[in-house]
Amino acid sequence: MFKNVKKLFLIGLMIILSIQVISAEEIAEDTVLGTLTNTVITKKTLDFKISKIPPMYVSRYKTIDGQKKVLDNICVEEAFYQEGLELGIDKKDVVELTIKDNIKPIMTRIYRDKEFKKEIVITNEMKKKYYNENIKDFKINPSYSILYIQAKDNEDAAKARAEIDNDVDFIDVLNKYSINKYSKDRGGDISNIANNGYIRGIGKDLVLDSLIATSELKTWIGPVETEKGIHLFYVKSFIPESTKKFSDVEKSIEMKIKPFVESQNYYKKVDELVEKYAVEVHEDIIKKINILDLASNDKIKEEKVITSNRPDVFVTVAQVLNKFKKIQPQEREKYMNPAEFLGFTKASIEDELFYLDAITKGYDKDERVQSDIELLRKNAIMRLTYTSLVQEATTVDENEIETYYNNNREEKYTNKAYRKVQTFVFDNKKLAKKTLKKAKKALKKDNNEQIFTSLVKEFSLETKGNGILKRVYQDGTIPGFGKDEKYSKEIWKTYPGALSKIFQNNKDQYVFVRVISDVPLSVRPFDEVKENIKNRLKKENEKKKLEEVIKELNVKHNVKKYPERLEIKLSARELFDLAEESQKKKKFNDAIMYYDQIVKNHKNNSDDYKAMFMKAFLYAEDLQNKEEAIKTFENVLKKFPKGELHESAEYMIKDLKGEIDIFNTDK
């Protein structure tokens, strides 16, 4: 009577839950989330900060906890920025240099967009000229289409031809006699034969191709034999050589011309700017650069390879080499030629010229650029303030390093003793004794490694790596075998270079080992690890110093935060969407967290009702937590006296308690 009732129930449930949910009122952009003496942090500030987070990480900052972390970071940054202004860090030259270095890519990108990527007019004359000059590219080669059978031998070929001549259905003949899968899969049809010696599905066959090209249309030919086999074919059609019409290829021609015109405009602009700013390339300096040994250029790194009539527009050896280092190693090869490297160096001035011309044309007044400049200035001031107050104020003295070394020497800076051994493993004692006897003889011979290897391969159950275990520590564990105290003990009581007695491992196999070498316990000397410890302690001390400075700045700049105002940051719609996205990614606990936020922040007997139901549903279906599912479904019935999901909740409770067999019965 019913077939998979539970599946139908779940589909109905999803339809109910897909009804549009009521959205909560959004927080106004000017809602204050934090204050400092000279700054106010609003929802707009928070949203802007979140918008700068890479898309793959944004979802974690859509939660209340995630937004609180962002708010904390904004307050820290603002406190450092305010302190930087008080310290006069904004007046330092390095700030403007940092801005210039970082704004250049933005400015040159805007310049390129406006100067080279604006709409290019490609006239009809230009397109027709290209069409006529490249007419060969628009030729359509002649082509044939055939019905084809490849027979396995002359006897089958003759039978196939006889049946064709007697009007037996071609498909029947094909299926009965053809051995060519390509042809059979296509009902015997092979098309686009271009008379170039190659036939699709058959391969290169000049003889057959020539026969096809010279045969009458709609006439069976064969059997004929070539190096590719025995063939019968029927030329269905022939399309003669032709040329595509201009109207048919006009759009593709335009796409081909456009990059060429853009490139022309690009180099025309470069030549114009080179002349405008009297750019001079100093080839004598370029010839001094050693691109085979980049480190050897330190003495000339500040020399200018390109200059101009503007003192602020130049390129140094260091700038060229920095650009060169970013190229993939395989691509560098083409610049090993002096002429190519000269061209590469000349190109280094292009972005400098574009940046200068962009400033001259007022592109720096662009609203986007101004916003980026202010952001770069603020970030530069914050970083320099951090450097001054935290990094430069953090020290690590010799005593601290030595104390850390002494306290952690055994755990972190001691190399444990280990042995390299060769294992011989057998399933019976008799074979183990026989092999041990041979191994003892081998010990007495010079250059005996080959003998031991052959014994392992011939007699041992474990032949991987010729039975050699490179590092066996004195911890009761045998690499590749697992925990075996007795095995370990036998290895460590055998002298280096000697063979152990035969013993049984924890798998009841018979084993003996050869101890190849012994590496004793050793302590890494202080001087060897000193720098590593210093860096570790520097990071730890920096972290502590940062916490101290943040506390001081919070007091000094009167930092106040109002995270409670974030509680209704997300609408119910947004939270439902985030929950659904988490479910698709099988992050069910994240989905429950979003549903909890809806229940807490959207108490309207609709959103909270559906969210609590979905939370229970997740416990039941995805997390397989019957206890929590039943408890949550019961809360749905208790907290919401009536609703369209009540019947579904009751069904789910009964199902989870095993009271409804029909859900799991196909009838």
Side-chain angles (χ1 to χ4, degrees), residues 34 36-37 49 53 57 60 65-66 68-95 97-98 101-102 295 298 301 318 322 325 376-418 471 473-477 518-561:
L36 288 82
T37 304
K49 193 73 175 177
I53 296 170
Y57 302 118
R60 70 181 66 169
D65 288 340
K68 285 178 181 177
K69 288 176 184 175
V70 176
L71 178 59
D72 287 341
N73 288 338
I74 293 172
C75 289
V76 170
E77 289 173 358
E78 287 295 337
F80 270 90
Y81 176 64
Q82 294 297 330
E83 186 67 13
L85 294 178
E86 283 194 19
L87 294 171
I89 287 175
D90 56 316
K91 305 293 192 300
K92 292 186 175 184
D93 291 342
V94 67
V95 173
L97 287 172
T98 302
D101 286 343
N102 287 280
D298 278 354
K301 66 180 181 180
N322 283 337
K325 287 174 186 174
L376 287 169
R377 177 175 282 107
K378 193 169 188 176
N379 287 338
I381 292 167
M382 286 189 297
R383 280 197 299 272
L384 290 167
T385 306
Y386 174 86
T387 300
S388 174
L389 299 182
V390 179
Q391 287 185 324
E392 292 176 357
T394 303
T395 57
V396 181
D397 60 41
E398 287 288 326
N399 288 335
E400 197 175 354
I401 298 171
E402 284 187 31
T403 300
Y404 184 90
Y405 175 75
N406 291 330
N407 290 342
N408 294 276
R409 180 167 46 196
E410 186 175 337
E411 183 183 346
K412 295 182 178 178
Y413 303 111
T414 298
N415 296 320
K416 295 178 182 177
Y418 66 88
R471 287 175 182 260
Y473 294 99
Q474 205 166 0
D475 58 2
T477 302
D518 178 81
V519 178
L521 178 146
S522 64
V523 179
R524 294 176 68 186
F526 175 69
D527 288 340
E528 183 184 310
V529 297
K530 180 180 176 181
E531 198 60 32
N532 176 275
I533 295 172
K534 184 179 179 180
N535 292 334
R536 177 192 288 267
L537 293 176
K538 184 82 161 59
K539 286 181 182 178
E540 290 177 3
N541 291 352
E542 265 186 36
K543 189 176 179 181
K544 292 174 186 173
K545 184 66 178 175
L546 176 60
E547 290 171 359
E548 291 172 14
V549 171
I550 289 173
K551 286 179 182 178
E552 291 169 7
L553 295 182
N554 281 346
V555 174
K556 182 176 179 179
H557 296 286
N558 198 25
V559 175
K560 288 185 172 58
K561 291 177 276 187

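The structure places OG1 of Thr394 at 13.5 Å from NZ of Lys543, a figure rounded to the nearest 0.5 Å. The distance from atom OH of Tyr81 to atom NZ of Lys378, rounded to the nearest 0.5 Å, is 6.0 Å. Summarising the geometry, atom CG belonging to Leu85 is positioned 5.5 Å from atom CD belonging to Gln82; distances are rounded to the nearest 0.5 Å. Rounded to the nearest 0.5 angstrom, Ile381 CD1 and Leu87 CG are separated by 11.0 Å.
Residues Tyr386 and Leu546 meet the side-chain proximity criterion, which asks for heavy atoms closer than 4.5 Å. By the 4.5 Å heavy-atom criterion applied to side chains, Glu398 and Lys530 are counted as neighbours. Side-chain contact check for Glu542 versus Gln391: some heavy-atom pair is nearer than 4.5 Å.
Minimum interatomic distance between Gly84 and Thr385 (heavy atoms only, all atoms of both residues): CA-OG1, 3.1 Å. Of all heavy-atom pairs between Arg377 and Val95, the closest is CG-CG1, 4.1 Å. Across every non-hydrogen atom of Tyr405 and Arg524, the tightest pair is OH-O, 2.6 Å. Across Thr395 and Glu400, no two heavy atoms sit closer than the pair O-OE1, 4.1 Å. Contact record, Leu36 with Cys75: CD2-O, 4.3 Å, taken as the closest heavy-atom pair. Annotation for Tyr404 and Asn408: closest pair O-ND2, 2.8 Å, computed over non-hydrogen atoms.
Under a 3.5 Å cut-off, the side chain of Ser388 and the backbone N or O of Leu384 do not form any donor-acceptor pair. Between the side chain of Thr37 and the backbone N or O of His557, at least one donor-acceptor pair lies under 3.5 Å.
Qualifying salt bridge (Lys or Arg N to Asp or Glu O under 4.0 Å) partners for Glu540, counting only residues two or more places apart in sequence or in other chains: none. Here Asn558 pairs with Lys560 under the side chain to side chain donor-acceptor pair (under 3.5 Å) rule; sequence neighbours left out. Judged as a salt bridge (Lys or Arg N to Asp or Glu O under 4.0 Å), and not counting sequence neighbours, Glu392 has no contacts.
In this structure, Lys544 does not pair ionically with Glu548, as no charged nitrogen and carboxylate oxygen lie closer than 4.0 Å.
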Exercise for the section: Show your reasoning for whether side-chain contact (heavy atoms from CB on, under 4.5 Å) applies to Glu552 and Glu83. Expected result: CA-CA 11 Å; Glu552 291 169 7; Glu83 186 67 13; over 6 Å; no
